[in-house]
Amino acid sequence: MADPKGFMTTPREEYPRRPVEERVRDWNEVYVPGALLPIINRQADRCMDCGIPFCHDACPLGNLIPEWNDLVSRDDWRAASDRLHATNNFPEFTGRLCPAPCEAGCVLAINQPAVTIKNVEVAIADRAWEDGFTPPRPPDRLSGRTVAVIGSGPTGLAAAQQLTRAGHTVAVYERADRIGGLLRYGIPAFKMEKRHLDRRLDQMRAEGTKFRTSTAIGTDIRADELKARYDAVILAVGATAWRELDVPGRELAGIHQAMEYLPLADRVCEGDLEVSPLSAAGKHVVIVGGGDTGADCLGTAVREGAASVTQLDIYPQPEAERDEDAEPWPTYPKIYRLSAAHEEAGVLETAPAADADARLFAASTLRFTGDADGHVRSLHLVEVDERRRPLPGSGRTLPADLVLLALGFSGPDRHDGLIDQLDLSLDPRGTIARDADFATNVPGVFAAGDAARGQSLIVWAIAEGRAVAAAVDRALTGASRLQAPIGPYDRPMTV
């Protein structure tokens, strides 16, 4: 513990963002380049060395947070990188994209602003790359065993890297033309520039992991045929079956799922397209859904030059502070949070009728209406109470030339035939059933990530990848030294 009084003398200071008017004109990350390192040592000093670090338990990876906070405060970046990478394959991803349940579990957060754990994490990760602390780690020898990983999101990539480093020959199959899953086509570049992903993939290739893109298992290659080629198969296909909105007018043109919209914007940034076919430029945009995916749509639409953007959230507006009775520390509370996209929308006043920034809270969509050509022009909504019952006289109409549905996902997509070809059992939620060893009902086939857990956070996805890798390694060799941070039935801490 470098400064025993740091948490008392140093206020919380977060990674500063670039001015709104500047950052909405490009797709670069929203933060001021180089502005984190000058403040991060003092922020690491705020870690209390509290004795029982609840941040460990709040993070499914079991990150050794007090240890690398102390090392950063002492400027020992190499050791900090070693401790960080001991539990997390991709801290440059989580440091940018994770909502930081670790900070909600910080002991300091009982009565003060938490340590900026997420900022310290990304500072270590970026410094590690800059100073060469993350060289490829190929195995000393090969096991002679082969593993196919289907899906290249954070779960699949974490599992592949762990198993490759353990000496197995691993091939990752991805149906898209580039590796990364939602990290590639789903997360906007202003949240994480793709160079961070590409750099990590180069490391994995140097370690020996093989990647097969533009290959849909179930259609391009039958799933049972693939299984016959490998000693083990890991299903990390995600939960890509999106939820629908069954209201009148849903069939109108101009109403799209968020995951139809966001990948096209990412392809523009990749140089594949000059302009997105679903560009929000000059349009009145309404986003149905109050979560992170909706916020990603919001930031994207603002950058595309939308005439207006409004986000609908069916839940009431959260309070600014934790409700200690309903969501006591150290659970992750539902409080009012201002993402970069919401800050932008608020400053630019993209939704004059919104309750806060661009959001309308406690709002439920009733129907859509369109023009004579069958294109959506209006969204009709009503305010609801805590039980989602309509409030009389609260109806209103919003102009809507483009409607984006960001309502979450129910489980893995079944259209490619993979689940049926393997005759996999599903649980009542529609996700892939598995036992305590991450194994499905089909011998040699394992399931991990959102496909089995259900829609979750990136930090849980990476934890799933590390855990299923340990299970597969154990099944192939009889024992494993790989870390298994979670079990398949573990869940976030709740009341």
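Only heavy atoms go into these numbers, but all of them, side chains included; no hydrogens, no water, no symmetry mates. From a predicted model like this one, the values you see are computed outputs, not experimental measurements.
- The closest side-chain heavy-atom distance from Pro399 to Arg377 is not below 4.5 Å.
- In the displayed structure, Glu349 atom CD is contacted under 6.0 Å by at most 12 heavy atoms of other residues, nucleotides or ligands.
- Taking all atoms of both residues into account, the shortest heavy-atom contact from Thr300 to Pro188 is OG1-CG, 3.9 Å.
- Within the 3.5 Å criterion, the main-chain N or O of Thr10 finds a donor-acceptor partner in the side chain of Arg46.
- Using a 4.0 Å cut-off between charged nitrogen and carboxylate oxygen, Glu327 and Lys334 do not count as a salt-bridge pair.
- The two residues Ala363 and Leu381 make their nearest non-hydrogen contact at CB-CD1, 4.3 Å.
- For Ser410 (side chain) and Ala241 (main-chain N/O), a donor-acceptor pair under 3.5 Å exists by modelled atom type.
- Rounding to the nearest 0.5 Å places CG of Leu64 at 5.0 Å from CZ of Arg83.
- For the pair Arg184 and Phe93, the cation does not sit on the ring face, since its NZ or CZ is not both under 6.0 Å from the ring centre and inside 45° of the axis.
- If you take CZ on Arg250 and CD1 on Ile255, they are separated by 6.0 Å, rounding to the nearest 0.5 Å.
- Looking only at distances, a side-chain donor or acceptor of Ser276 sits under 3.5 Å from a matching main-chain atom of Leu278.
- Atom CD of Glu251 has more than 12 neighbouring heavy atoms from other residues, nucleotides or ligands inside a 6.0 Å radius.
- Ion pairing between Glu343 and Arg18 fails under the 4.0 Å rule for side-chain N and carboxylate O.
- A cation-pi contact links Arg303 to Phe190, judged by a cut-off of 6.0 Å to the six-membered ring centre and 45° from its axis.
- Side-chain atoms of Thr134 and His85 form no donor-acceptor pair, as typed in the model, at a separation below 3.5 Å.
- Cation-pi check for Arg453 over Tyr489 is not met; the charged atom does not lie both under 6.0 angstrom from the ring centroid and within 45 degrees of its normal.
- Between the Arg25 side chain and the Glu21 main chain, a donor and an acceptor come within less than 3.5 Å of each other.
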Step-by-step side chain to side chain contact (heavy atoms under 4.5 Å, CB included) determination, Glu319 to Ile335: CA-CA 5 Å; Glu319 298 296 328; Ile335 59 175; over 6 Å; no
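- Under a 3.5 Å cut-off, the side chain of Thr350 and the backbone N or O of Val309 do form a donor-acceptor pair.
- The main-chain N or O of Val72 is found under 3.5 Å from a side-chain atom of Asn41 such that the two form a donor-acceptor pair.
- Using a 3.5 Å distance cut-off with no hydrogens or angles, the side chains of Ser152 and Glu174 do pair a donor with an acceptor.
- Side chain of Asp3 to main chain of Lys5: a donor-acceptor pair is present (N/O by atom type, distance under 3.5 Å, no hydrogens or angles).
- Residues Tyr261 and Glu304 bring a donor and an acceptor atom of their side chains to less than 3.5 Å of each other.
- Checked by atom type, the side-chain pair Asn63/Thr87 shows a donor-acceptor distance below 3.5 Å.
- Side-chain polar atoms of Tyr315 and Arg388 form a donor-acceptor pair below 3.5 angstrom.
- Under the 6.0 Å cut-off for aromatic ring centres, Phe446 and Phe438 do not qualify, their centroids lying 6.0 Å or more apart.
- Of all heavy-atom pairs between Pro154 and Phe90, the closest is O-CE1, 3.9 Å.
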Evaluate side chain to side chain contact (heavy atoms under 4.5 Å, CB included) for Leu183 paired with Leu97, printing each intermediate quantity in order. CA-CA 10 Å; Leu183 294 171; Leu97 304 176; 3.7 Å; yes
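- Taking CG from Asn69 and CD1 from Ile124, the interatomic distance works out to 7.0 Å, rounded to the nearest 0.5 Å.
- Formation of a donor-acceptor pair under 3.5 Å by the Gln43 side chain with backbone atoms of Pro11 is found in this model.
- Seen from the ring of Tyr185, Arg267 counts as a face-on cation partner, given the 6.0 Å and 45° thresholds.
- Between the CH2 atom in Trp460 and the CD1 atom in Ile486 there is a gap of 5.5 Å [rounded to 0.5 Å].
- Leu379 places a side-chain heavy atom less than 4.5 Å from the side chain of Thr365.
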Run the numbers on Asn88 and Ile462 for side chain to side chain contact (heavy atoms under 4.5 Å, CB included), then give the verdict. CA-CA 7 Å; Asn88 187 351; Ile462 296 172; 3.9 Å; yes
Under the criterion salt bridge (charged side-chain N to carboxylate O under 4.0 Å, His left out), I'd like the reasoning laid out for Arg127 against Asp75: C-alpha separation, chi angles, the key distance, then a yes or no. CA-CA 11 Å; Arg127 183 69 178 264; Asp75 267 330; 5.4 Å; no
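- The nearest pair of heavy atoms linking Val286 to Ala400 is CG2-CB, 3.9 Å.
- Within the 4.5 Å cutoff, the side chain of Phe368 has no heavy atoms near those of the His380 side chain.
- At least one donor-acceptor pair closer than 3.5 Å links the side chain of Arg12 to the backbone N or O of Ala114.
- Taking the side chain as every heavy atom from C-beta outward, Glu14 and Ile39 never approach each other to under 4.5 Å.
- Between Trp329 and Thr331 there is no side-chain heavy-atom pair separated by less than 4.5 Å.
- Annotation: side chain of Leu37 is in contact with side chain of Trp77 (closest heavy-atom distance under 4.5 Å).
- Environment of CG in Asp323: crowded, with over 12 heavy atoms of neighbouring residues, nucleotides or ligands closer than 6.0 Å.
- In this structure, a donor-acceptor pair under 3.5 Å is absent between the side chains of Asp70 and Trp68.
- Side-chain N/O atoms of Gln311 and Arg359 include no donor and acceptor closer than 3.5 Å.
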Start with the C-alpha gap between Lys118 and Thr94, add the side-chain angles, then the distance that decides, and say whether side chain to side chain contact (heavy atoms under 4.5 Å, CB included) holds. CA-CA 8 Å; Lys118 179 177 172 179; Thr94 51; over 6 Å; no
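- Although no hydrogens or angles enter the test, the distance criterion places no donor-acceptor pair under 3.5 Å between the side chain of Arg466 and the main chain of Ala461.
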Show your reasoning for whether salt bridge (charged side-chain N to carboxylate O under 4.0 Å, His left out) applies to Asp427 and Arg429. CA-CA 5 Å; Asp427 63 24; Arg429 300 174 302 157; 3.2 Å; yes
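- If you take CG on Leu182 and CG on Leu262, they are separated by 9.5 Å, rounding to the nearest 0.5 Å.
- Salt-bridge formation is not detected for the pair Asp385/Arg387: no Lys NZ or Arg NE/NH1/NH2 atom is positioned less than 4.0 Å from an Asp or Glu carboxylate oxygen.
- Ion pair Arg96/Asp126 flagged as a salt bridge, since at least one NZ, NE, NH1 or NH2 atom sits closer than 4.0 Å to an Asp/Glu carboxylate oxygen.
- Side chains of Ile287 and Leu312 form no contact here, defined as non-hydrogen atoms less than 4.5 Å apart.
- You'll find the side chain of Glu13 stays beyond 4.5 Å of the side chain of Thr116, heavy atoms only.
- Here the SG-NE2 distance, from Cys102 to His56, works out to 10.0 Å after rounding to the nearest 0.5 Å.
- Between Gln161 and Asn89, the side chains place a donor N or O and an acceptor N or O closer than 3.5 Å (distance only, hydrogens not considered).
- Summarising the local packing, CD of Glu386 is surrounded by 12 or fewer heavy atoms from other residues, nucleotides or ligands at distances under 6.0 Å.
- Counting all heavy atoms, side chain and backbone alike, Leu360 lies closest to Leu398 at CD1-CD1, 4.0 Å.
- Taking 4.0 Å as the cut-off between side-chain N and carboxylate O, Glu29 and Arg23 do not count as a salt-bridged pair.
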